[in-house]
Amino acid sequence: MTDPVSRPTNFIRHIIDKDLTDGVHDHVATRFPPEPNGYLHIGHAKSICLNFGIAEDYEGTCNLRFDDTNPEKEDIDFVNSIKQDVQWLGFQWQGKELYSSDYFDQLHGYAVELIEKGLAFVDFSSQDEIREMRGTLTAPGVNSPYRDTAVTENLMHFEKMKNGEYAEGECCLRAKIEMTSAFMCMRDPVIYRIKFAHHHQTLDKWCIYPMYDFTHCISDAIEGITHSLCTLEFQDNRRLYDWVIENISIECIPRQYEFSRLNLEYTVLSKRRLIQLVDDNHVSGWDDPRMPTIAGIRRRGYSPASIREFCQRIGVTKMDNMVEMSMLEACIRDELNANAKRRMAVLEPVKLVIENFSNDEWLDAPNHPVNEEMGTRKVPFTKEIFIEADDFREQANKKYKRLVLGKEVRLRNAYVIKAERVEKDENGNVVCIYCSYDADTLGKDPADGRKVKGVIHWVSASHALNAEVRLYNTLFTVPNPAAEEDFAGTINPQSLVVVNAKVEPSLLEFEPLQGIQFERQGYFCRDVDTTDDKLIFNRTVELRDSFAKFGS
Ligand code: ATP
Ligand code: MG
């Protein structure tokens, strides 16, 4: 067994280390158990990195198990998207993917065993009556009138349930534990219910379905899971988890350990809310780049490595907290700062004419400011170019380091120009800036020692390509939308801003999703909506310090 050195340690790894040292286990087996009722989100990535990461580091195994006990809400499309997302994140499960429904026969057998042991009974009370009898956190529950039904009768009723002889809601199977327990989950929990539903795996074989708490622990035991890692809301349910395992004839004794879920500012990480965003068309779909889903984040331009890095940086603890969005953004920014090629794109173009320039040139421009190995590219320089409207002012104080009427600025990768005069439309907006250029400033300072501080980016008007650029901001206007009564009411109307940009022709060379820095603007990637007629880019993340770098 190799030392788990490649990832930072945490309390779960300490538990595993101790179990291995004490001989409780001689191997490690984990699982990632998504319910196929939605797409995976960045919170799931935390659980994926934890479970698969531990399996990798301890040379153990990690299963992918679909927790599919709610046929009405689940779907094969979700199964497929989840498999794709786990692999995209860089992980591979042990063997074939598994399903809780693979164990429906065994689960049924264990339910019969509990009935035979007098530890489960069929209850004909209505759902409301069962809820009523359960009591509250401060008041104990009361026993169901069906609690003491004879074993043989319970077996007969359960068999009838299975055979479809009772209607949905007419009865259910409950574990017989303790109605006065301080843990609500121990108050004779329902373990099987009737549902005449078609199941994406078992089709129409079953009309009774086991509940999560009964299914999960037994599935873990069947698969020989050693450490069953889940989020803190299952802390109380651990009593039930252990109770079921102790009371059935099964050899493996898995243990459940809980860690805190990831909460991320300015977004929601609950499938119920994400489904609402999709169903109510607040976003374009599960893979809308504003969504915190793996599919959305991928389309936005995040790499698998950046998400794994994020999961490492946030760590694994038992403390509930809210992680800042900037933590996630820093991970992709750090990566793209090192790896992304630089390009020029003008997002809000205004025309600029260099009156004393006539012969088009192709200039060499480095692909990266420090990494020379990333090479150079040719950039067309022409008499007419576009610059950002915001990079020009008729008048400005000294702090403004861009182009000002009567003053000079450097065009990135090109010459120093001077703004001579402007042309305006009837509303007084500048529509064209007329400039002169100093031919002796390509790759060097002006010969007479004039200081030109500002650098702005540009593209050739005749060679530039049109592109739609999608600028994303946070999807919500408040840090914790889930705490709002109407979370959808806090959706940011500026979460998507679309601009028509002019971009360097060499941008055609990039693969979809490949990260690119648009100089002075941020990191971008080509969107999957791009067609032969229309180039579309997504802004992955802004530059940390947009202007400091080039001193403009
Ligand atoms: P949601 O509350 O978003 O519907 P869930 O817990 O019901 O999520 P599952 O498909 O059951 O979704 O989750 C699979 C695994 O991922 C579980 O082990 C769960 O604990 C874990 N998980 C879900 N959300 C988070 C999160 N925000 N942070 C960490 N782990 C999570
Ligand atoms: Mg769940």
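These numbers were taken from a predicted model, which means no experiment stands behind them.
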Open item on the list: Pairing donors with acceptors under 3.5 angstrom, does anything connect the side chains of R300 and T540?
Closed with: no
- [ ] Return yes if a side-chain donor-acceptor contact under 3.5 Å exists between D17 and Y58, otherwise no.
- [x] yes
TODO: Assess the pair Y415 and F381: is the distance between their ring centroids shorter than 6.0 Å?
DONE: yes
- [ ] Would you tell me whether Q517 and Y523 have side-chain atoms, one donor and one acceptor, within less than 3.5 Å of each other?
- [x] yes
TODO: Would you tell me whether R343 and N367 have side-chain atoms, one donor and one acceptor, within less than 3.5 Å of each other?
DONE: yes
Task: Between Q521 and E388, a side-chain donor and acceptor under 3.5 Å - done: yes
Task: K318 side chain to E258 backbone, donor-acceptor under 3.5 Å - done: yes
Task: Lys NZ or Arg CZ of R526 over F537 ring: under 6.0 Å, within 45° - done: no
What donor-acceptor contacts under 3.5 angstrom involve side-chain atoms of residues 280-287, with partners at least two apart or in another chain?
{"unit_1": "S284", "atom_1": "OG", "unit_2": "D288", "atom_2": "OD2", "d": "3.1"}
{"unit_1": "D287", "atom_1": "OD1", "unit_2": "R299", "atom_2": "NH1", "d": "3.3"}
{"unit_1": "D287", "atom_1": "OD2", "unit_2": "R299", "atom_2": "NH1", "d": "3.4"}

Open item on the list: When you compare the side chains of N538 and Y472, does any donor N or O come within less than 3.5 Å of an acceptor on the partner?
Closed with: yes
Open item on the list: With no hydrogens and no angle check, just 3.5 Å: does a side-chain donor-acceptor pair link R410 and T441?
Closed with: no
TODO: Going by the side chain to side chain contact (heavy atoms under 4.5 Å, CB included) test, name the single residue among V268, L264, L269 that passes it with H41.
DONE: L269
TODO: For the residue pair F487 and F476, categorise the inter-ring angle as parallel (less than 30°), tilted (30 to 60°) or perpendicular (more than 60°).
DONE: tilted
Open item on the list: Looking only at the side chains, is there a donor atom on one of R412 and H457 sitting less than 3.5 Å from an acceptor on the other?
Closed with: no
Open item on the list: Do F32 and H44 have side chains that approach each other closer than 4.5 Å (heavy atoms only, starting at C-beta)?
Closed with: yes
Open item on the list: Between the side chains of D438 and R450, is the shortest nitrogen-to-carboxylate-oxygen separation below 4.0 Å, so that they form an ion pair?
Closed with: yes
Open item on the list: Taking A340's backbone N and O only, do any of them form a donor-acceptor pair with R342's side chain (distance below 3.5 Å, no angle check)?
Closed with: yes
Open item on the list: Pairing donors with acceptors under 3.5 angstrom, does anything connect the side chains of N70 and E35?
Closed with: yes
Task: Pairing of R470 and E468 as salt bridge, 4.0 angstrom limit - done: yes
Task: Residues that E384 engages under salt bridge (charged side-chain N to carboxylate O under 4.0 Å, His left out), provided they are two or more places apart - done: K351
- [ ] Could you tell me which non-hydrogen atom of A338 sits nearest to which non-hydrogen atom of M374, and how far apart they are?
- [x] O-SD, 4.1 Å
Open item on the list: Between the side chains of D391 and K401, is the shortest nitrogen-to-carboxylate-oxygen separation below 4.0 Å, so that they form an ion pair?
Closed with: no
Open item on the list: So that I know where these two stand, are Y99 and F66 an aromatic pair - ring centroids less than 6.0 Å apart?
Closed with: yes
- [ ] Measure the acute angle between the ring planes of Y437 and F357, then classify it against the limits of 30° and 60° as parallel, tilted or perpendicular.
- [x] perpendicular
- [ ] Determine, for W88 and R298, whether the Lys NZ or Arg CZ falls below 6.0 Å from the six-membered ring centre while staying within 45 degrees of the axis.
- [x] yes
TODO: Please check if atom CG in N427 has more than 12 non-hydrogen atoms from other residues, nucleotides or ligands closer than 6.0 Å.
DONE: yes
Task: Side-chain donor-acceptor contact under 3.5 Å, Q84 with Y39 - done: no
Open item on the list: Check E394 with K424, please: is the shortest side-chain N to carboxylate O separation under 4.0 Å?
Closed with: yes
- [ ] Start with the C-alpha distance between R261 and D320, add both sets of side-chain angles, then the distance that settles salt bridge (charged side-chain N to carboxylate O under 4.0 Å, His left out), and finish with yes or no.
- [x] CA-CA 7 Å; R261 1 177 9 103; D320 254 324; over 6 Å; no
TODO: Return yes if some donor-acceptor pair links the side-chain N/O of K383 with the main-chain N/O of N356 below 3.5 Å, else return no.
DONE: no
Open item on the list: Can you list everything that forms a side-chain hydrogen bond (donor to acceptor under 3.5 Å, both in side chains) with K444? Sequence neighbours excluded, please.
Closed with: D440
- [ ] Scan side-chain atoms only and decide if S436 and E355 contain a donor-acceptor pair under the 3.5 Å cut-off.
- [x] no
